[in-house]
Trainee: 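Got a structure here, written out as structure tokens. Questions coming.
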Amino acid sequence: MRRPHWPRRVFAQLLLSQTVVTVGVTALTAGLFLAPVSAELDRAAMQRALAIAQVTATDRDLALAAAARDSARVQPAAEHIRLATGASFVVITDDHGVRLSHTDPDRIGQRVSTDPGPALRGQTVTAIQHGTLGLSARGKVPLRLADGRIVGEVSVGIDDGSIRSRLASMITGILLCSAAGLAAGTLVTLLLARRLKRRTHNIAVADISALLVEREAMLHSIREGMIALDRRGRIRLANDEAIRLLALPEDATGMLVDDALPPGRLADALTGRSLGEDLPAVRDDRVLVVNRMATADGGAVVTLRDRTELEELVRELDTTRGLTDALRAQDHEHANRMHTLLGLLELGMHRQAVEFITEASGSARAAAERIAEQVQDPHLAALLAGKTAVAAERGAALTITAGSHLPDAVVDTRLLVTVVGNLVDNALDAAGGAGRPAVTVSLTTDGSTVLARVADNGPGVAPALRETVFAEGWTTKKAPGHRPRGLGLALVRRLVERAGGRITVGDGPLGGAEFTVELPEALHPVPAGAVANPPVEAAR
């Protein structure tokens, strides 16, 4: 014989447990209701018996007959009252408790089976007692003459069987109501169980626990950020990588996305206000790619990929390609120079050959030395030298303004290289449509503050768009296949603001746009007595 076992499925457990609870509650409720009903029926029967006895005791003729111990007059009167009221018995005694009436005439003249003392002493008595006629609800009162003297007792009884029959008829109604409540509860439980079965895909409780453990392990081990949102935009779940990438608080669960993140493209992408695949967004100095997928319950699952390092590599690759193109152009130019030099030598024009090679080599060296003299930070100087070569290859003129000067005391060289490099790239792109593209870079200092200006002769930026250009994803250029557009200026602004600085855009001296970056505390303090900006020639 197989032993019964607890069901494994969630819906079956719910159905069984709720059915047991419903049956138990219904039975308990019925029992608790029946207990006071039975007591109330007994109390009502006793009060009815007492009322009949009190009315009977008001009959003065009956009291005189009882005083005379005249049972012949008492018995018919008592039976008349019993039949008229439906009582089980109406017994009248004398002042010694001897019956003067009874439903069984043979018992007249005998002492009553229950104690008549309290009533003969003037007390009113109600009780459930067992007598010669069985169990009954009784009411007893003294029988008095007109002068108040007690001459006997009036005892009226209501058969217990009639009380039980009334209770039985009530039980039937109670049980019917209980059955209706039980049926309704069972039906509701069945509906809830079926809904739960659909929602849980009929899986077992043990499987739920295993799935939860596996999900937690999977979510917190993957290297992509993942956030689950409910239909109201509240965070239901965020794995470790999402918390790190978005800089969320540890108690972010339950928070609205708009409360956990500042306004911007990232919050719009998470909440669905910005739609699309692989949406680029910036959080602090990180470049993220956001994908959002809606769920059947109205919520969403959002994945976040960190493209910061990839974006840096792509920018380095773009720079390398630009330098390669510049070197290729220089190689081509160098070949042309060699051919010219060879021709001069073959023609015997040695003096002209010497002047030609001196001029050609001196111009490139002079440009490099001029950049190094004005920009003494080696990384930024190398960047500007490379950008100058790239600009020349593209037919543009990139120049450092005459008043520019930056000492080799930059606190965060990487920040300044990123900012200036992005602004120069954007300026070269903007000036590309001009007849003679030109870009100027100005680097000055005021104490420990660095002021960088990058201007171009492109179409400029309309006043209405001077805040929009810093928005994530905003661009007027077609995105290349290997990277998204519209992140450079947004990233620059985040970096500058994190450093406590500010960036603005306005009209430039070349007729196009001019971006101005102010970075406070960007230079190390110069020790007393040291030469802050040694000239290049003196250093040599």
Side-chain angles (χ1 to χ4, degrees), residues 258 261-269 273-274 276 279-288 311 315 318 384 387 391 396-401 403-404 415-446 449-480 483-520 522:
D258 291 329
L261 297 175
R265 183 178 177 86
L266 182 57
D268 292 342
R273 291 191 291 267
S274 294
L279 294 176
V282 176
R283 175 63 167 162
D284 295 334
D285 58 346
R286 295 191 174 275
V287 178
L288 306 177
E311 188 72 15
R315 290 183 182 278
D318 288 346
L384 293 174
K387 295 294 183 183
L398 173 63
T399 58
I400 313 298
T401 59
S404 295
L415 169 64
L416 199 55
V417 166
T418 300
V419 170
V420 173
N422 274 282
L423 294 180
V424 169
D425 288 341
N426 288 338
L428 289 174
D429 289 340
R436 300 180 63 182
V439 175
T440 61
V441 177
S442 171
L443 294 169
T444 57
T445 62
D446 182 9
T449 300
V450 173
L451 197 64
R453 292 186 176 91
V454 178
D456 61 71
N457 63 343
V461 178
L465 298 177
R466 289 178 181 176
E467 278 298 318
T468 309
V469 294
F470 296 105
E472 303 162 30
W474 189 90
T475 181
T476 59
K477 297 172 253 182
K478 183 179 179 181
R483 56 180 286 198
R485 283 282 191 183
L487 295 178
L489 288 177
L491 183 61
V492 166
R493 186 176 196 175
R494 294 288 179 89
L495 292 174
V496 170
E497 289 179 349
R498 284 189 63 188
R502 63 191 183 96
I503 179 171
T504 57
V505 58
D507 297 327
L510 301 181
E514 182 181 51
F515 286 84
T516 303
V517 176
E518 183 180 351
L519 292 172

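The shown structure was predicted, so the numbers you read here are calculated from the model rather than taken from an experiment.
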Trainee: If you take all heavy atoms of A431 and P437, which pair is closest and at what distance?
Mentor: O-CB, 3.2 Å
Trainee: Looking at A438, is its backbone amide N or carbonyl O close enough to the side chain of N457 to form a donor-acceptor pair, meaning the two atoms are under 3.5 Å apart?
Mentor: yes
Trainee: Going by side-chain contact (heavy atoms from CB on, under 4.5 Å), name the residues that satisfy it together with T445, two or more places apart in sequence or in a different chain.
Mentor: L406, P407, V450, L523
Trainee: How close do G403 and T444 get, counting heavy atoms only, and between which atoms?
Mentor: O-CG2, 3.8 Å
Trainee: I want to check something: taking the side chain as every heavy atom from C-beta on, are I400 and L443 in contact at a cut-off of under 4.5 Å?
Mentor: no
Trainee: Have a look at I503 and tell me which of L495, T516, L423 forms a side-chain contact (heavy atoms from CB on, under 4.5 Å) with it.
Mentor: L423
Trainee: Would you call L384 and V420 a side-chain contact if the rule is heavy atoms closer than 4.5 Å?
Mentor: yes
Trainee: For A455, which residues count as a side-chain contact (heavy atoms from CB on, under 4.5 Å) partner, sequence neighbours excluded?
Mentor: T440, P509, E514
Trainee: What is the minimum heavy-atom distance between T449 and P520, and which atoms define it?
Mentor: OG1-CA, 3.7 Å
Trainee: side-chain contact (heavy atoms from CB on, under 4.5 Å) with L428: which residues, sequence neighbours excluded?
Mentor: A391, R394, A396, V424, V439
Trainee: Please check: side-chain N/O of D446 versus main-chain N/O of L451, any donor-acceptor pairing under 3.5 Å?
Mentor: no
Trainee: Residues two or more places apart in sequence or in another chain: which of them pass side chain to side chain donor-acceptor pair (under 3.5 Å) with S404?
Mentor: T401
Trainee: Check whether any side-chain heavy atom of L489 lies under 4.5 Å from a side-chain heavy atom of F515, and answer yes or no.
Mentor: yes
Trainee: Applying side chain to side chain donor-acceptor pair (under 3.5 Å), name anything that partners R493, two or more places apart in sequence or on another chain.
Mentor: E467, E497
Trainee: Applying side-chain contact (heavy atoms from CB on, under 4.5 Å), can you list everything that pairs with D507, at least two apart in sequence or on another chain?
Mentor: R466
Trainee: Residues two or more places apart in sequence or in another chain: which of them pass salt bridge (charged side-chain N to carboxylate O under 4.0 Å, His left out) with R502?
Mentor: E518
